[in-house]
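Comments concern the structure below.
Lettering follows sequence order; numbering is per chain, from 1. Owing to the predicted nature of the structure, the values given are computational and were not obtained by experimental measurement.
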Amino acid sequence: MKVPRHWRETPQRYRMEAGKCSKCGSIQFPGRVICPDCGATEMETVKLSGKGELASYTVIRVAPTGFTDLAPYAVGVVQLEEGMRVMGQVVDCDPDNLKIGDRLTTQFRRINEEGKTGMILYGFKFVPDLGL
Amino acid sequence: MKEVAVIGIGMIDWGELWEKSLRTIAVEAALKCFADAGVDKVDTITIGCMSGGLFNNQEHLGSIVPDYLGQRFVPATRVESACASGGLAVRSAFLEVASGMAEYALAIGVEKMTDVDGGEATFALATAADQDYEAFHGITFPGLYAMMANAHMFKYGTTLEQLAQPSVKNHFNGSMNPHAQYPFKVSLEQVMNSTKVADPLRLLHCSPITDGAAAVLLAPVEKAKEMNKPYVVITGVGHASDTIALAQRQDLYSLKAVEVAAQRALKMSGKTIKDVDFAEVHDCFSIAELMVMEAIGVVEPGQSGAAVMNGLTALDGDFPINPSGGLKSKGHPVGATGVAQVCEAVSQLRGESGKRQVKNAKTALTQNMGGSGASSVVHILEARS
Ligand SMILES: [Zn+2]
C-alpha cells in the first residue's frame with residue numbers, strides 16, 4: 001500500500017484527534033466535513049482523552065492476514081468519556097476475562113506490519129485503566 | 001408506477017464450483033430463469049456482485065454477463081452494496097420496470113469466492129467494513145457480528161443456546177433444499193462445540209464461503225397475466241443505509257437500517273409484519289437472524305432468542321424464517337444471496353418448494369444486508385392467480 005494511505009491518518013491514529021461541531025457540540029471520530037447530528041460544517045479539532053468503558057468486544061481466534069501472529073486477541077468497541085464510541089484492540093489483559101463495562105485507556109502501540117518489505121503501522125490500543 | 005411481477009426465477013446448485021467460472025455460473029442461473037419465464041431476450045440486465053475485482057480480478061460485469069448470455073448490446077449495470085448487492089440488483093430491476101423504462105428486466109446475483117484462498121476471501125469481505133477505522137485494528141466480519149452478539153447477550157440476556165438455534169433450524173430446512181451447499185442437519189451440541197472463530201461465534205454460527213448465482217426476471221404485471229399461471233408481484237421495496245462503522249451506530253444490539261428498510265417496504269405494500277406469512281432473512285451469522293427478527297418486527301426487541309427456541313420461526317411455526325436453509329445451509333455467495341432470497345420467496349408463493357414448502361404462503365418478506373448492517377434491502381412479495 002502507498003505511504004500516503006497511512007500518513008494522512010496520523011492525526012487520528014497517533015493523537016486521537018476528533019472533530020467537534022462548533023454549532024451543536026457533538027464530537028465525531030474520525031472528524032468529518034459535515035456534522036451528522038445537525039448538518040453544520042464548522043468543525044474544530046479536539047484531542048480525545050482515550051479513556052472510556054468497554055461497550056462490547058470479541059476475541060478473534062481466526063485472524064486476518066497480518067494479524068495471525070497476535071491471535072487470539074481482543075477487539076473492542078469503547079464508549080469514550082467524550083460520548084462517542086471507538087474501535088480498537090484491547091491488550092495487556094486476559095481476553096477471556098474481559099467484561100462489558102471494563103474501564104479502559106489508550107496507549108500508542110504497533111498495530112501491524114505490511115509484510116517483510118512493507119510499512120510498520122502504529123496506532124492506539126486499549127489497555128486496562130488502572131487509574132495511574 | 002407500474003405494478004411489477006416476477007415472471008421467472010433461476011437457481012443453480014451452490015457450493016465450491018471449482019470447474020466453473022464467474023461468467024459461467026451467472027449465465028447458467030440466467031438461462032434457468034429464461035426457461036422458467038419462457039423468455040429469451042430482455043431489455044435490461046442488473047448484476048449484483050460484491051467484488052469480482054478482489055475474488056476474480058474481473059470487473060466490468062456489465063459487459064461480460066450480457067456478452068456471454070447472448071444479450072449483446074443490451075444495457076447492463078453492475079450494482080454493489082457489499083452482501084446486499086443482490087437485493088439491490090432486484091430493486092434496480094424493479095425500478096426499471098415500474099418506471100416504464102424496460103419491460104423485461106433481468107436481475108442476476110453472482111459471486112465466485114473460491115478462486116482465492118481463505119485469507120484473501122476474508123480480506124475481500126472485510127472491504128465491506130470501514131477499512132481505516134475497523135479493518136485496520138484486525139477486526140473480521142465474524143468479529144463485528146460477535147461484538148453485536150455480546151452486546152445483545154449483555155442487554156437482553158440472550159443465551160448461547162438461543163444463539164445456536166438459528167443454525168440448527170436453518171440446516172434442518174436446508175437439508176430439504178437440493179440447491180444448498182451444506183444440505184445436512186446439525187445439532188445444538190454440534191453448533192455449540194464447533195471451532196471458535198470470534199467469541200462468542202463459532203464456525204457453525206457462520207455462513208460459509210460459496211460460489212453461486214441466482215436470477216429473477218421482472219416484467220409489468222400484464223405480462224405475467226398473459227402467462228396463464230399463478231404469479232408473484234413485488235408490492236413493497238425498502239432500502240436504507242446506516243453508518244459504515246459499527247462503533248458509530250445508535251446502539252450495538254439492533255439493526256436500524258433493517259428496521260427502516262422493512263418499514264419502508266411494508267408501508268409501500270400497505271401491510272404490516274402481521275400480514276406476512278414467512279421471511280427469507282440475512283443470517284450471515286446466527287446473531288444476525290435474531291437481530292433481524294427484532295428489526296423487522298416479528299418479535300419485540302430482546303425476544304428473538306426465546307422465540308426461536310419456542311419454534312416460532314421453524315418451518316411449521318407461526319412465522320417460518322429461512323425455509324431455504326438461509327445463508328447458513330444454502331451458502332452465501334455474497335452478491336447472489338439477495339437474488340436467491342427472492343427466488344425462494346417466489347418458489348414458496350407458487351407452492352413449488354416440495355418438502356420445505358411453507359403452508360398457506362401468500363405473502364413473503366425478503367431481507368438482505370450489507371456489511372455489519374450498514375445497508376439493507378427488503379422486498380415484500382405476494383402470490384396472485
Ligand atoms: Zn452539529
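Here B/Ala151 is the residue among B/Gly118, B/Pro200, B/Ala146, B/Ala151 with the most heavy-atom pairs under 4.5 Å with chain A. Contact count versus chain B (heavy atoms, under 4.5 Å) is highest, among A/Gln28, A/Gln12, A/Arg13, A/Gln79, for A/Arg13. If you tally non-hydrogen atom pairs under 4.5 Å between each of A/Pro30, A/Gly76, A/Ala63 and chain B, the highest count goes to A/Pro30.
Expressed to the nearest 0.5 Å, how far NZ of B/Lys155 lies from OG of A/Ser56 amounts to 13.0 Å.
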Chi angles and distances behind the side chain to side chain contact (heavy atoms under 4.5 Å, CB included) call for A/Val75, B/Met147: CA-CA 9 Å; A/Val75 181; B/Met147 283 198 253; 4.0 Å; yes

Audit row: B/Asp132, A/Glu9, side chain to side chain contact (heavy atoms under 4.5 Å, CB included) steps and yes/no: CA-CA 8 Å; B/Asp132 289 341; A/Glu9 299 297 330; 3.4 Å; yes

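Two residues are said to be in side-chain contact when any heavy atoms from C-beta on lie closer than 4.5 Å; A/Arg5 and B/Gln131 meet this criterion. Using a 4.5 Å cut-off on side-chain heavy atoms (C-beta onward), B/Phe123 and A/Pro64 make no contact. The closest side-chain heavy-atom distance from A/Met87 to B/Asp130 is not below 4.5 Å.
Listed for the B/Asn150 side chain is a donor-acceptor partner under 3.5 Å among the backbone atoms of A/Tyr57. The backbone N or O of B/Asp199 lies less than 3.5 Å from a partner atom in the side chain of A/Thr58, making a donor-acceptor pair. A/Arg85 places a side-chain N or O within 3.5 Å of a backbone atom of B/Arg249 that can act as its donor or acceptor partner. At distances below 3.5 Å, at least one donor-acceptor pair connects side-chain atoms of B/Gln248 with backbone N or O atoms of A/Phe29.
A/Tyr73 touches chain B through its side chain: at least one heavy atom from C-beta onward sits under 4.5 Å away, while N, CA, C and O do not. Residue A/Met84 does not touch chain B at all, counting heavy-atom pairs closer than 4.5 Å. Heavy atoms of B/Ala135 lying under 4.5 Å from chain A belong exclusively to its backbone. Using a 4.5 Å cut-off between heavy atoms, A/Val59 touches chain B through backbone and side chain atoms alike.
Contacts with chain A (heavy atom to heavy atom, under 4.5 Å) involve these residues of residues 136-144 of chain B, listed by number: B/Phe136, B/His137, B/Gly138, B/Ile139, B/Thr140, B/Gly143, B/Leu144. Residues of residues 93-109 of chain A placed with any heavy atom under 4.5 Å of a heavy atom in chain B are listed by number as A/Asp96, A/Ile100.
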